[in-house]
Amino acid sequence: MVKIRLKKFGTKARPDYRIVVQDSHKPRDGVSIEEIGQYHPIAAEDKQILFDEERAKYWLSVGAQPTPIVKSIFNKKGLSVVVGKSLAK
């Protein structure tokens, strides 16, 4: 199964994540299929989330499942996620 999940970079005190499409059997920081965005939890509110909405919609349309955290990130940016589908608000 293909998942859209976070891949951790940065240090313990300054986390930085990339939003990636990855096989669910691979380790969190392992090889990913595609990087579609970034999440900076300690940055300013308007600069925390950056991702390619078109690629996210594509991966959702072909059956990739977002993790709960990625689903909430998408919802914050106005990309509604339904199991197996995506709908722009």
Side-chain angles (χ1 to χ4, degrees):
M1 175 189 287
V2 177
K3 292 222 173 231
I4 302 174
R5 65 203 302 187
L6 296 178
K7 187 174 187 177
K8 187 175 183 198
F9 286 85
T11 62
K12 189 162 93 173
R14 300 192 53 80
D16 185 27
Y17 300 94
R18 292 185 185 162
I19 302 170
V20 297
V21 178
Q22 189 175 36
D23 183 5
S24 63
H25 299 292
K26 299 284 183 184
R28 177 192 71 186
D29 297 335
V31 177
S32 58
I33 298 170
E34 182 179 0
E35 180 184 321
I36 60 172
Q38 298 178 349
Y39 173 56
H40 308 285
I42 59 175
E45 188 72 31
D46 59 333
K47 296 181 182 179
Q48 284 185 349
I49 303 167
L50 304 166
F51 68 92
D52 185 351
E53 191 172 329
E54 292 302 316
R55 293 306 293 166
K57 286 180 182 178
Y58 166 76
W59 282 107
L60 290 168
S61 71
V62 296
Q65 296 296 312
T67 61
I69 294 173
V70 172
K71 186 185 255 188
S72 69
I73 289 171
F74 285 168
N75 288 336
K76 282 182 186 178
K77 283 299 195 177
L79 181 66
S80 295
V81 178
V82 180
V83 179
K85 298 178 183 177
S86 69
L87 305 169
K89 283 186 179 177

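Listed for the Q22 side chain is a donor-acceptor partner under 3.5 Å among the backbone atoms of V31.
The two residues I42 and A13 have their closest heavy-atom pair at CD1-O, 4.4 Å. Contact between S24 and K3 at its shortest, heavy atoms only, is CB-CG, 3.7 Å. Scanning all heavy atoms of the two residues, the minimum distance from P66 to V70 falls at CB-CG1, 4.1 Å. Across all their heavy atoms, P15 and P41 have their closest contact at O-CD, 3.8 Å. K57 approaches L79 most closely through the heavy-atom pair CE-CD1, 3.6 Å.
Pairs of residues two or more places apart, or lying in two chains, that qualify as salt bridge (charged side-chain N to carboxylate O under 4.0 Å, His left out) and include a residue from residues 15-27 are R18-E35.
Interatomic distance, I4 CD1 to I19 CD1, rounded to the nearest 0.5 Å: 9.0 Å. To the nearest 0.5 angstrom, Q65 atom CD is 8.0 Å from L60 atom CG. Note that the CD atom of Q38 and the NZ atom of K47 stand 13.5 Å from one another [nearest 0.5 Å]. To the nearest 0.5 Å, atom CE of residue M1 and atom NE2 of residue H25 are 8.0 Å apart. Here I73 contributes atom CD1 and T67 contributes atom OG1; the two are 7.5 Å apart, rounded to the nearest 0.5 Å.
Both Y17 and I69 are assigned to one and the same hydrophobic cluster, defined by single-linkage of ILVMFWY side chains at heavy-atom distances under 4.5 Å. Cluster annotation: W59 is not connected to L50 through the hydrophobic network of ILVMFWY side chains, with a link wherever side-chain heavy atoms come within less than 4.5 Å. Neither I49 nor V20 shares a network with the other; the hydrophobic side chains, linked directly or stepwise wherever heavy atoms of I, L, V, M, F, W or Y lie under 4.5 Å apart, form separate groups for each.
With a 4.5 Å cut-off on side-chain heavy atoms, D29 and K8 count as touching.
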Practice task
Let me see the working for Y39 and F51 under ring pair (Phe, Tyr, Trp, His ring centres under 6.0 Å), right down to the final yes or no.
Solution key: CA-CA 8 Å; Y39 173 56; F51 68 92; over 10 Å; no

